[in-house]
Amino acid sequence: MSPAPVPAVGARIRQARLERGLGLRALAREVGVSASLVSQIETGKSQPSVSTLYAITTALGISVESLFEGQETSVAVGELTVVHALAAFSADPGRRIGPLVTPGEREVLELDSGVVWERLGHVPGTDVDFLLVTYRPGGSSSGSGGLMRHAGTEYGYLTSGELVLTLGFDEQVLRPGDAVCFESTTPHRYRNDGDEPAVGVWFVSSHTIP
């Protein structure tokens, strides 16, 4: 059984933006991207990079984990109404809560810049990202090459491939068996310069903005 894809997170982002009374251009200014990119993300025409996704959720005061949650919402786009089921697994609460998540039950989120997130589980009421992360060859957490920062604490363990971590002014090469942990407010970026996918387990404890 193949992993279950996660529907586009754009509708949830748009919902959070409207709830906070933010215009498209205002959110784009806070994130540092174009309004057209935000619009494309919200309508599902484009996927954000890891850094853009964290920047958007920080600006909106929501956690990345909350993008996997949510309910079915109707979003008007021009004269069309697009219905997004923001959590394919919501129809099966037992699978969503766990405690066991089999490979065929993982939700998969394809991000820009060659990064794939597979959700390994979630305990309701917590803002924790428990993920199997894959950086394809040439993949990076930031398509622009810039460093990102966000609330929370992050722990990672690389199981295969090599991954370059830029953390502040330092650069480290992670190899299978290597582990990292740091405050996510420290500017950082991951990239895969190799010819093989870099795969690891990541645990990010998020702190939402009140």
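Only this structure's heavy atoms are used, side chains among them; waters, hydrogens and symmetry mates stay out.
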Margin query: Quick check: closest heavy atoms across Ala179 and Tyr157, and the distance to 0.1 Å?
Written below: CB-CD1, 4.2 Å
Check: Taking side chain as C-beta onward, heavy atoms only, is Trp117 less than 4.5 Å from Val108?
Finding: no
Notebook entry, point to check: Quick one: does Met148's side chain get under 4.5 Å of Pro187's, heavy atoms only?
Noted result: no
Check: Under 3.5 Å, is there a donor-acceptor pair between the side chain of Asn192 and the main chain of Tyr135?
Finding: yes
Next item on the list: Could you go through the side chain to side chain contact (heavy atoms under 4.5 Å, CB included) check for Ser160 and Glu196 one step at a time?
Entry: CA-CA 9 Å; Ser160 63; Glu196 300 177 3; over 6 Å; no
Check: With no hydrogens and no angle check, do the side chains of Ser51 and Ser49 hold a donor and an acceptor under 3.5 Å apart?
Finding: yes
Notebook entry, point to check: So, for Phe182 and His188, is the gap between ring centers shorter than 6.0 Å?
Noted result: yes
Notebook entry, point to check: Side chains of Ser113 and Ser142: does their closest heavy-atom pair fall under 4.5 Å?
Noted result: no
Notebook entry, point to check: Can you check whether Trp202 and Tyr190 have ring centres sitting under 6.0 Å from each other?
Noted result: yes
Notebook entry, point to check: Val9 and Leu109: side chain to side chain contact (heavy atoms under 4.5 Å, CB included), yes or no, with the steps?
Noted result: CA-CA 9 Å; Val9 299; Leu109 184 59; 4.2 Å; yes
Check: Is there a side-chain contact between Arg149 and Ser184, using heavy atoms and a 4.5 Å cut-off?
Finding: no
Item checked: Connected via hydrophobic side-chain network under 4.5 Å: Leu111 and Leu163 -> yes
Notebook entry, point to check: Is it true that Arg191 and Glu171 have a side-chain N and a carboxylate O under 4.0 angstrom from each other?
Noted result: yes
Check: Between Glu183 and Thr186, is a side-chain hydrogen bond (donor to acceptor under 3.5 Å, both in side chains) present by the stated rule, with each step listed?
Finding: CA-CA 6 Å; Glu183 291 293 330; Thr186 306; over 6 Å; no
Next item on the list: Give a yes or no on whether the backbone of Val199 and the side-chain of Thr159 come within a donor-acceptor separation of less than 3.5 Å.
Entry: yes
Next item on the list: Given side chain to side chain contact (heavy atoms under 4.5 Å, CB included), test Leu53 with Ile41 step by step and report yes or no.
Entry: CA-CA 10 Å; Leu53 186 65; Ile41 291 171; over 6 Å; no
Next item on the list: Assess whether salt bridge (Lys or Arg N to Asp or Glu O under 4.0 Å) is satisfied between Arg136 and Glu110, documenting all intermediate values.
Entry: CA-CA 11 Å; Arg136 295 181 175 128; Glu110 295 265 356; 3.2 Å; yes
Checklist line | Worked check of side chain to side chain contact (heavy atoms under 4.5 Å, CB included) between Leu120 and Val101 | finding: CA-CA 6 Å; Leu120 296 177; Val101 178; 6.0 Å; no
Next item on the list: Can you label the angle between the Tyr54 ring and the His150 ring as parallel, tilted or perpendicular, going by 30° and 60°?
Entry: parallel
Note to self: Does any part of the side chain of Leu60, heavy atoms only, come nearer than 4.5 Å to the side chain of Ile13, both counted from C-beta?
What the structure shows: yes
Check: Would you say Thr52 and Asp112 make side-chain contact, with heavy atoms under 4.5 Å?
Finding: no
Item checked: Heavy-atom side-chain proximity of Ile62 to Arg20 below 4.5 angstrom -> yes
Note to self: When you compare the side chain of Tyr155 with that of Val204, does any pair of heavy atoms fall below 4.5 Å?
What the structure shows: no
Margin query: Distance check, rounded to the nearest 0.5 Å: Glu154 atom CD versus Leu167 atom CG?
Written below: 9.0 Å
Note to self: Donor-acceptor pair, distance only, cut-off 3.5 Å: does the side chain of Arg119 make one with the backbone of Arg106?
What the structure shows: no
Notebook entry, point to check: Say you draw a straight line from CG of Leu100 to CD of Glu105; how long is it, rounded to the nearest 0.5 Å?
Noted result: 6.5 Å
Side-chain atoms of residues 22-39: list all donor-acceptor pairs with protein atoms under 3.5 Å, sequence neighbours left out, distances to 0.1 Å.
from, atom 1, to, atom 2, distance (Å)
Ser34, OG, Ser36, OG, 3.0
Ser34, OG, Leu37, N, 3.2

